[in-house]
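So the structure is just underneath, and the comments pick up after that.
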2 protein chains.
Amino acid sequence: MKNITTPATTVERLPLYYRYLQKMDSQGVEVISSKELGDGLGIPSTQVRKDLSYYGEFGRRGVGYEVSDLMKNLERILGLDNNWKVVLVGAGNLGQALVNYGGFKKLGLNISHVLDIDTNKIKSNLGSAEVYPMKQLRTVVTENDIKIGIVAVPSEVAQQVADELIDAGIKAIWNFAPIHLRVSDDIKVRDEDLSIGLISLSYYLSN
Amino acid sequence: MKNITTPATTVERLPLYYRYLQKMDSQGVEVISSKELGDGLGIPSTQVRKDLSYYGEFGRRGVGYEVSDLMKNLERILGLDNNWKVVLVGAGNLGQALVNYGGFKKLGLNISHVLDIDTNKIKSNLGSAEVYPMKQLRTVVTENDIKIGIVAVPSEVAQQVADELIDAGIKAIWNFAPIHLRVSDDIKVRDEDLSIGLISLSYYLSN
DNA sequence: TAGATTGTTAATCGATTAACAATC
DNA sequence: TAGATTGTTAATCGATTAACAATC
């Protein structure tokens, strides 16, 4: 393993590997080859091996990868063993869907706190997350040492919410507002622009 | 304009251009340079020009791009003038959030029909979309000539739902289930795997 | 003409894939 | 040893960026 920078595309695939391993593990599979792993995800086996090689040598030649072992390694690599707390700002339709989305808990991630301007409007289907008014943003973030924030508010206020989150100590933002957030270099922003998916399908159907 | 295949990454950026132009247009801006457009989205001006150049020459040297003109061209390129009907399968939290997501209508796309196994469970906040039981999948798709389907059902049934949609005539699928759908080559699948976003933030915070 | 900005070429950078020695 | 599969190198492929002539 040389210390070359990992391609961004590799990072996107690691979660897929991890989740597929979870699935195989739950089915009692103990050893898996890069071919089997790749086939399950529509990814070439060469790419699976190459991706993993950025982080170490996890397999045995002639044999494959031990499922539980590779899972543990990926947990560490992806930082899932940190048990991050996550704060969600904006409890509209999308925000509520995210809180109730089952996929995160399995991954050691959970939306622990929810903020909204109108705490009354929030329906009670927010699972185990605690709900607070926007005013308490700073308190919630600092007292719980939260580093990850989700922005699910209207575009017009997204930049302001991001600024407040960063000011309170947030280091990574998952942004669902369809605007370009301006942040300093030490803050990681991940845009999840839902319109793009649907428009790109329209594009491919038309061309 | 030569006929080279357009990079997939370019297709992802076209919707961003289009939406930013809509915003500028609503603010009364009539002409915009690739620099201004790029700055608003965090994209280099060279890339903006290169992206557009795959489809034609839309600007005037020394001047820039006429906003309304470029918008019309992008509408055509993205196929937004087709006024696609879209069928959503799965009216859970996420499905409901998608139906109520305001961003699509502005783009000439709209979720016109919703399917779910349990029509009773569906709350009434599904806007103008019509709700049908799963049994009517084929009828809804064929009678309305729908080509785009959204899969927002649990992973266990996602492949089966996709198969049924394709069998009824759907050509493009927006898949929110975190599994790899197996489809023939003439079907376009766009995966929207929500876990990846959050996990990748965890990764970047840990490294 | 002087200044601005496009459209495009060529150079650079980054990601994927093929091939194969190493090794279980 | 024979068969299988990893880890890695080198070749290929694809995307971004710098530079600049064309032109308003």
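Throughout, a chain's letter reflects where its sequence line sits, starting with A, and its residues are numbered from 1. Since we're looking at a predicted model, the values are computed, not measured.
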Discussion item. The test is salt bridge (charged side-chain N to carboxylate O under 4.0 Å, His left out); show your working for B/R190 and B/E12 and say whether it passes.
Written reply: CA-CA 12 Å; B/R190 160 97 188 190; B/E12 302 278 294; 2.6 Å; yes

Item to complete: Spell out protein contact along nucleotides 10-19 of chain D as letters: B when the base is contacted, S when just the sugar-phosphate is, - when no protein heavy atom is under 4.0 Å; keep the 5' to 3' order.
Response: -----SSBBB

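For A/K171, there are no side chain to side chain donor-acceptor pair (under 3.5 Å) partners two or more places apart in sequence or in a different chain. Taking A/Q136 as the reference, nothing meets the side chain to side chain donor-acceptor pair (under 3.5 Å) condition, with sequence neighbours excluded.
Bending across the helix from C/dG3-D/dC24 to C/dC24-D/dG3, expressed as the angle between its end axes from five pairs apiece, amounts to 10° (10° rounding).
Formation of a donor-acceptor pair under 3.5 Å by the B/W84 side chain with backbone atoms of A/L198 is not found in this model. Checked by atom type and distance alone, the side chain of B/K147 never pairs as donor or acceptor with a backbone atom of A/L205 at under 3.5 Å. At least one donor-acceptor pair under 3.5 Å links the side chain of A/S202 to the backbone N or O of B/L78. Distance alone, capped at 3.5 Å, is enough to place a donor-acceptor pair between the A/Q22 side chain and the A/K106 backbone. B/S45 places no side-chain N or O within donor-acceptor distance of the main-chain N or O of B/G38, the cut-off being under 3.5 Å. Side-chain atoms of A/Q96 do not come within 3.5 Å of backbone N or O of B/N93 as any donor-acceptor pair.
For the segment residues 184-195 of chain B, the set of residues with a heavy atom within less than 4.0 Å of an atom of DNA chain D is empty.
Rounded to whole angstrom, the span from the CZ atom of A/R61 across to the P atom of D/dT6 amounts to 10 Å. Rounded to a whole Å, the CG atom of B/N73 is 11 Å from the P atom of C/dG7. Between the OH atom of B/Y55 and the C1' atom of C/dT8 there is a distance of 17 Å, given to the nearest Å. The CD1-P distance, from A/I32 to D/dA4, rounds to 18 Å in whole Å. Rounded to whole Å, atom C1' of D/dT6 lies 13 Å from atom CG of A/L70. Distance NZ (A/K35) to C1' (D/dG3): 16 Å, rounded to an integer number of Å. When the P atom of D/dT5 is taken as reference, atom CG of A/L52 falls 16 Å away, rounded to whole Å. At whole-Å resolution of the value, CZ in A/F58 and P in C/dC24 are 17 Å apart.
Sorted by first and then second residue, the ring-ring contact (aromatic ring centres under 6.0 Å, His included) pairs with a member in residues 154-193 of chain A read A/F104-A/W174, A/W174-A/F176; sequence neighbours excluded.
For A/S34, no side-chain nitrogen or oxygen approaches OP1 or OP2 of D/dT5 to under 4.0 Å. Applying the 4.0 Å criterion to OP1 and OP2 of C/dG7, one finds that B/Y65 has a side-chain N or O inside that range.
Closest-nucleotide positions on DNA chain C for A/G62 and B/R60 were compared, and the one nearer the 5' end corresponds to B/R60.
Using modelled atom types, one finds no donor on one side chain facing an acceptor on the other under 3.5 Å when comparing A/Q47 with A/D51.
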